[in-house]
Protein chains: 2
Amino acid sequence: MAQQQVDGARRAPLSRDRVLHAAVALADHAGVDSVSMRNLAQELGVVPMALYKHVANKEELLDGMVDVVVGEIDPPADGADWKSAIRQRILSARRALERHPWSSRVIESRPKPTPVVLDYLNSIVGMFRAGGFSVDLTHHVMHALGSRVWGFTQELFPASPLPEDPETQAAGFRELASRYPHIAEIAMAAAHDDESVVGQGCDDEYEFQFALDLLLDGFDNLHRQGWTSRGTGS
Amino acid sequence: MAQQQVDGARRAPLSRDRVLHAAVALADHAGVDSVSMRNLAQELGVVPMALYKHVANKEELLDGMVDVVVGEIDPPADGADWKSAIRQRILSARRALERHPWSSRVIESRPKPTPVVLDYLNSIVGMFRAGGFSVDLTHHVMHALGSRVWGFTQELFPASPLPEDPETQAAGFRELASRYPHIAEIAMAAAHDDESVVGQGCDDEYEFQFALDLLLDGFDNLHRQGWTSRGTGS
DNA sequence: ACCTGAACACCGTTCAAGT
DNA sequence: ACCTGAACACCGTTCAAGT
């Protein structure tokens, strides 16, 4: 009875929402790998099997976590032209996903989209259509955007922490430069406005916007030219 | 002794190479999820711990599997202009990765590139440089390419098998259309030259080349304009 | 010195036994 | 009827015991 009391005080009644937000918080501060059914249950002061009343299985848990993050994306700004409206929205998605560093990886891993995900994608498609894009062009343009609709790109060189010692760092760079001269060259260029000789020099935000704008401008051109999949021209 | 004989006949001496190729073959025909140290060992007629003499741990095994796939990419064609040379090379990478459907996902999941991966990336960077691209532009262009250097794109709508019954299929589509009209619209467009009403209609190869060419043409324009990260013009 | 079976510390999920 | 502890079928990896 006293035991009952303690338990009652400690846990608010479990709900799907509470489970999902606890999972997001756990992933945020301890990494997504530590989100196991057992771990999460413990975090909630609950027996593992209790979670299964609110999510069917781990897959559904991950879907729900994605929904929480996607729910943080701002609604479309109205009154803007298609290009800046889409640009803004995608950058808002980027902000949301940045708050939860595990989320891009989890989004990519989901085998099928949830309704929340479909809502977001549907609205982006709608923004191209509202901008006058043909159904045909919009279709291809969505494919070309790919995971960039979510505001992220798979990094080819995930930033790994540099060794503390500047001597080992320099030695590492010399080895890189001798084996992979072209990579070393562009890595140097990235570090131009930075103290370190290599790496950490890439400005992710700049790179993302560079690529996004390149794509949006490309879309714009095709649209103006009246592009269709059966040949250019109207 | 007879036991010894049987074992001796069954297993060629284990080597790193044999381990990696067995892992690739196992992933090819049974899915990457079934590549566990225990499963792979059994496939090779060996005790699990025997693998650890050839790969330090599972991470290194996955790196090695990626190296096998990347090793199948054709060397650069010479004598071509940068654009068609890079285009060809990336499409060759696409062919290699298509032969091993698990590989794009595994490549994305690797925390740091292997020497084999760096060799490939280095050579692509070199091809832009040989085409006259500045170090600066080449750097940004590599980021913009992202995982498309490997010949794949993260699909937003992974093709899920359609229900057999055409009636349930039509009902599913009606529901999609009422909740996500814009998505339904472009899905319809994709299916134009196809029997099915939705899905399976996207020609992955077309979409990939559409986006790749859009990017390469964009790069070309910037290059011709003498683009630099500190403003346009020379 | 080499090899390996058993063990450790985990998983997600099932299911039967308990209330 | 509801809840849950124990169990099942897995993981990757360590380590000590055996040859």
Side-chain angles (χ1 to χ4, degrees), chain A residues 1-16 18-20 22-24 26-27 29-66 102 105-106 109-112 114, chain B residues 1-16 18-20 22-24 26-27 29-66 102 105-106 109-112 114:
Chain A
M1 210 259 175
Q3 179 65 26
Q4 198 90 335
Q5 205 74 322
V6 171
D7 277 37
R10 185 147 61 117
R11 61 182 184 215
L14 214 52
S15 69
R16 184 181 163 89
R18 230 167 74 75
V19 169
L20 297 184
V24 167
L26 181 56
H29 86 259
V32 74
D33 286 345
S34 72
V35 179
S36 66
M37 299 303 269
R38 290 161 128 107
N39 238 339
L40 177 59
Q42 188 177 296
E43 205 79 4
L44 286 159
V46 136
V47 82
M49 282 312 298
L51 299 176
Y52 285 83
K53 212 176 324 174
H54 301 99
V55 289
N57 47 41
K58 178 141 190 207
E59 295 293 286
E60 201 181 291
L61 175 70
L62 291 171
D63 275 341
M65 291 170 69
V66 168
W102 47 271
R105 210 157 267 286
V106 174
S109 77
R110 300 291 75 221
K112 47 184 5 181
T114 64
Chain B
M1 209 279 181
Q3 178 66 24
Q4 198 90 334
Q5 205 74 323
V6 170
D7 276 39
R10 188 149 59 119
R11 60 183 184 215
L14 215 53
S15 69
R16 184 181 163 90
R18 231 166 75 76
V19 168
L20 297 183
V24 167
L26 180 58
H29 87 261
V32 75
D33 286 344
S34 70
V35 179
S36 67
M37 299 303 269
R38 290 161 128 106
N39 239 339
L40 177 58
Q42 188 176 296
E43 205 78 6
L44 285 159
V46 137
V47 81
M49 282 312 297
L51 299 176
Y52 285 82
K53 212 175 324 173
H54 301 99
V55 289
N57 49 39
K58 179 144 190 204
E59 295 293 285
E60 201 182 291
L61 176 69
L62 291 171
D63 275 340
M65 290 170 70
V66 168
W102 47 270
R105 210 158 268 287
V106 174
S109 77
R110 298 294 72 222
K112 47 181 8 182
T114 64

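Sequence lines set the chain letters: A, B, ... in the order given, protein chains first and strands last, and positions in each chain run from 1.
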Next item on the list: Compare side-chain N and O positions of B:Lys58 against OP1 and OP2 of D:dT13 and report whether any pair is under 4.0 Å apart.
Entry: no
Notebook entry, point to check: Roughly, in whole Å, what's the span from CG in A:Asn57 to C1' in D:dC10?
Noted result: 17 Å
Next item on the list: Could you check if a side-chain atom of B:Arg105 sits within less than 4.5 angstrom of a side-chain atom of A:Ser109, using non-hydrogen atoms only?
Entry: yes
Next item on the list: Using atom CD of A:Glu60 as one end and atom C1' of C:dT13 as the other, report the distance to the nearest whole Å.
Entry: 14 Å
Notebook entry, point to check: To the nearest Å, how far apart are B:Asp33 CG and D:dC11 C1'?
Noted result: 12 Å
Notebook entry, point to check: For DNA chain D, which ranges pair as stems of 3 or more consecutive Watson-Crick or G-U pairs, with both donor-acceptor distances under 3.5 Å?
Noted result: C:4-8 with D:12-16, C:12-16 with D:4-8
Margin query: When you measure from the side-chain N and O atoms of B:Asn39 to the phosphate of D:dC10, is any distance below 4.0 Å, counting only OP1 and OP2?
Written below: no
Checklist line | Separation of C:dT13 C1' from A:Lys53 NZ (nearest whole Å) | finding: 16 Å
Next item on the list: Check whether any side-chain heavy atom of B:Thr114 lies under 4.5 Å from a side-chain heavy atom of B:Val66, and answer yes or no.
Entry: no
Margin query: Any heavy-atom pair between the side chains of B:Leu40 and B:Val46 that's under 4.5 Å?
Written below: no
Item checked: Inter-nucleotide P distance (C:dC8, D:dG18), Å rounded -> 16 Å
Note to self: Using whole Å, what does the distance between atom P of nucleotide D:dC10 and atom CG of B:Leu40 come to?
What the structure shows: 16 Å
Check: Could you state the CE-P distance from B:Met37 to C:dA9, rounded to the nearest angstrom?
Finding: 20 Å
Check: Less than 4.5 Å apart, any side-chain heavy atom of A:Pro13 and any of A:Arg18?
Finding: no
Checklist line | Whole angstrom value for the distance that separates P of D:dC11 from CD of B:Glu59 | finding: 16 Å
Check: Picking from B:Val55, B:Val35, B:Val19, B:Leu26, what satisfies side chain to side chain contact (heavy atoms under 4.5 Å, CB included) with B:Met65?
Finding: B:Val35
Item checked: Rounded distance (nearest 0.5 Å) linking atom CG of A:Asn39 with atom CE of A:Met37 -> 11.5 Å
Next item on the list: Could you tell me whether B:Met49 contacts a base, only the sugar-phosphate backbone, or nothing, with contacts defined as non-hydrogen atoms closer than 4.0 Å?
Entry: base
Check: Checking salt bridge (Lys or Arg N to Asp or Glu O under 4.0 Å) against B:Asp63, which of B:Lys58, B:Arg110, B:Arg16 comes through?
Finding: B:Arg110
Note to self: Without decimals, in angstroms, what is the distance between B:Leu44 CG and C:dT4 P?
What the structure shows: 14 Å
Note to self: The side chain of A:Arg38 is closest to which nucleotide in this list: D:dA7, C:dT4, D:dG12?
What the structure shows: D:dA7
Notebook entry, point to check: Which nucleotide in the set D:dG12, C:dT4, D:dT4 lies at the smallest distance from any side-chain heavy atom of B:Val47?
Noted result: C:dT4
